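Notes for the one structure printed next.
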Number of protein chains: 2
Amino acid sequence: MDRRPGGRSARVRDAVRQATIAELAEHGYSGLTVENVAIRSGVHKTTVYRRWGSVEGLIADALELAREEPWPIPDTGSFRDDLREIVRLVQSGFADPVAGPISAAFVTAAVQNGDAARSLHDFFVARHEQAAEVVRRAVERGELAADTDGAEVIRMAVAPIYYRLFITHEPVTERDAERAADAAVAAARAGVLSAPTSDPR
Amino acid sequence: MDRRPGGRSARVRDAVRQATIAELAEHGYSGLTVENVAIRSGVHKTTVYRRWGSVEGLIADALELAREEPWPIPDTGSFRDDLREIVRLVQSGFADPVAGPISAAFVTAAVQNGDAARSLHDFFVARHEQAAEVVRRAVERGELAADTDGAEVIRMAVAPIYYRLFITHEPVTERDAERAADAAVAAARAGVLSAPTSDPR
DNA sequence: GGCCTAACGCAACTGGAGTTGACTTTGGAC
DNA sequence: GTCCAAAGTCAACTCCAGTTGCGTTAGGCC
């Protein structure tokens, strides 16, 4: 991104990233403005506009940061409990007063802006891949068929949470999380989530 | 809403609603402005601002309209095929060049604005209730347990579609729709989607 | 059919997001 | 150490979404 990775540019980038996260946590997405981020970071607003372009650009950049930090993938020895734990983690993440607004802001930004959407897409690809580990282990234990699509299992498990939060705007309880995980387990065991076979030309 | 439901007020409301839908279909949510809706409808922009408040208000109102028109609930005689058809309908609806942008705009608006979120919530509650009919029929046929939560089955079936479209921004194929429906069927048959029992105090 | 007032129309105004062009600082190559 | 171009700063400007105050129109009620 930078042709001059050292010194000032890096400092400016870090300051802006940090300010973006802080502003998101405090005021949420609707309260995020380029001007406030500029003031908070001590960087001139023109600079922010030139390098990030817009509020969505700021978020896309912050997302790259978020993608890098790994996830605590559970390993309980039970496929069902692993999946329950993953879904519960997602649910409680959005319920958290600090992390919640930030995560929600990412989703909101991506719905409106192509750049943010691409960043979020990459983020989820990485997350699905990481979380699919619990499926791989279940396959090794012989709990699931070898051709089970790990990422698809994860999608099935977490989708109802996001659906309630961002589409239907229904409340999400821990019981909902549990039920979503159990449904994904049932589907995986029934063998309907097998990986798409590369079609024989 | 109106203290004077007759005549001009009603005409203004209809004109604005129609203009909103038309603008959404043409330019999508990001291209929707109060000003353009005002011009298109022939209603003064001040009036639109006073009665609807904002772009999100326009969408919330248009949603009330959308909620009223019923849905073609399939009745194939097979629970699996009914559910597949419902999910396919959702998927193809968003793929449609006219209806797609309008539906997507509703979701986008609701993510940002409380009023639109409440309208969309009510919309989905109605939809879930209507679609749960296929579950009721399956129960009558003895395919599913009597305590199966119909709305929850529908959520499980359609959630992955919305998840891909609005959260992860992955493409959605007909095969994905099929798989989501099949997963919901498997979960329902496994009995993990039973209605929440009212807790014995 | 005349009156009252809710609802609409109108034009001028406001504020802040985003832009522009000239100037200054600074990292890094030689 | 010198030089240069990339990156950042600054102030002034544009533009348009949203507001305001007031005049006008037209339902609905007696």
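Chain naming here is simple, since letters A, B, ... match the order of the sequence lines and numbering starts at 1 in each. The model shown is predicted, which means the values in this text are computed figures rather than measured ones.
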Picking from D:dA17, C:dA17, C:dG9, the nucleotide nearest the side-chain atoms of A:T33 would be C:dA17

Please answer whether the main-chain N or O of B:L144 pairs with a side-chain N or O of B:T148 as donor and acceptor at a distance below 3.5 Å.
no

What is the separation between atom CH2 on A:W52 and atom C1' on D:dG8, rounded to the nearest whole Å?
11 Å

Intermediate values then yes/no, ring-ring contact (aromatic ring centres under 6.0 Å, His included), A:F94 and A:Y162:
CA-CA 10 Å; A:F94 281 104; A:Y162 288 93; 5.4 Å; yes

If each of B:S54 and A:G42 is mapped to the nucleotide of DNA chain D with the nearest heavy atom, which maps nearer the 5' terminus, i.e. the 5' end?
A:G42

Nearest whole angstrom, please: distance from the P of D:dG8 to the CZ of A:R13.
11 Å

Rounding to an integer number of Å, can you tell me how far A:Y49 OH sits from D:dT14 C1'?
13 Å

Ring geometry between A:F124 and A:H128 (parallel below 30°, tilted from 30 to 60°, perpendicular above 60°):
tilted

Can you give me the N/O atom pairs linking the protein to nucleotides 22-24 of chain D at distances under 3.5 Å, or say none if there are none?
none

Less than 4.5 Å apart, any side-chain heavy atom of B:T173 and any of B:Q91?
no

Is the phosphate of D:dG8, meaning OP1 or OP2, less than 4.0 Å from a side-chain N or O of A:H44?
no

From CG of B:L32 across to P of D:dG18 the rounded distance in Å is 11 Å

Per the end-axis method with five pairs at each terminus, what is the bend angle of the helix from C:dG1-D:dC30 to C:dC30-D:dG1, to 10°?
30°

Quick one: does B:V135's side chain get under 4.5 Å of B:F79's, heavy atoms only?
yes

Of the listed C:dG9, C:dG18, D:dG8, the closest approach to the A:V12 side chain comes from D:dG8

Candidates D:dT9, D:dA17, C:dG18 - which lies nearest the side chain of B:E35
D:dA17

Are the side chains of A:Q112 and A:Y29 in touch, meaning some heavy atoms are under 4.5 Å apart?
yes

Could you tell me how far apart A:K45 (NZ) and C:dA17 (P) are, to the nearest whole angstrom?
7 Å

Is the distance between the ring centroids of A:F166 and B:Y163 under 6.0 Å?
no

When rounded to the nearest 0.5 angstrom, what distance separates CZ in A:R51 from OG1 in A:T46?
14.0 Å

Check: B:D82 side chain, B:V134 main-chain N or O, donor-acceptor pair, under 3.5 Å:
no

B:R51 has its side chain closest, among C:dG9, D:dT9, C:dA7, to C:dA7

C:dG9, OP1 or OP2 - any side-chain N/O from B:T47 closer than 4.0 Å?
yes

What is the distance from CG of A:N36 to C1' of C:dG18, rounded to the nearest Å?
14 Å

Which listed nucleotide (D:dG8, D:dA17, D:dG21) is nearest to the side chain of B:T46?
D:dG21

Going through the checks in order, is the side-chain hydrogen bond (donor to acceptor under 3.5 Å, both in side chains) test met by B:D122 and B:S119?
CA-CA 5 Å; B:D122 294 347; B:S119 292; 5.9 Å; no

Length of the CD1-P vector between A:I39 and C:dG18, whole Å:
14 Å

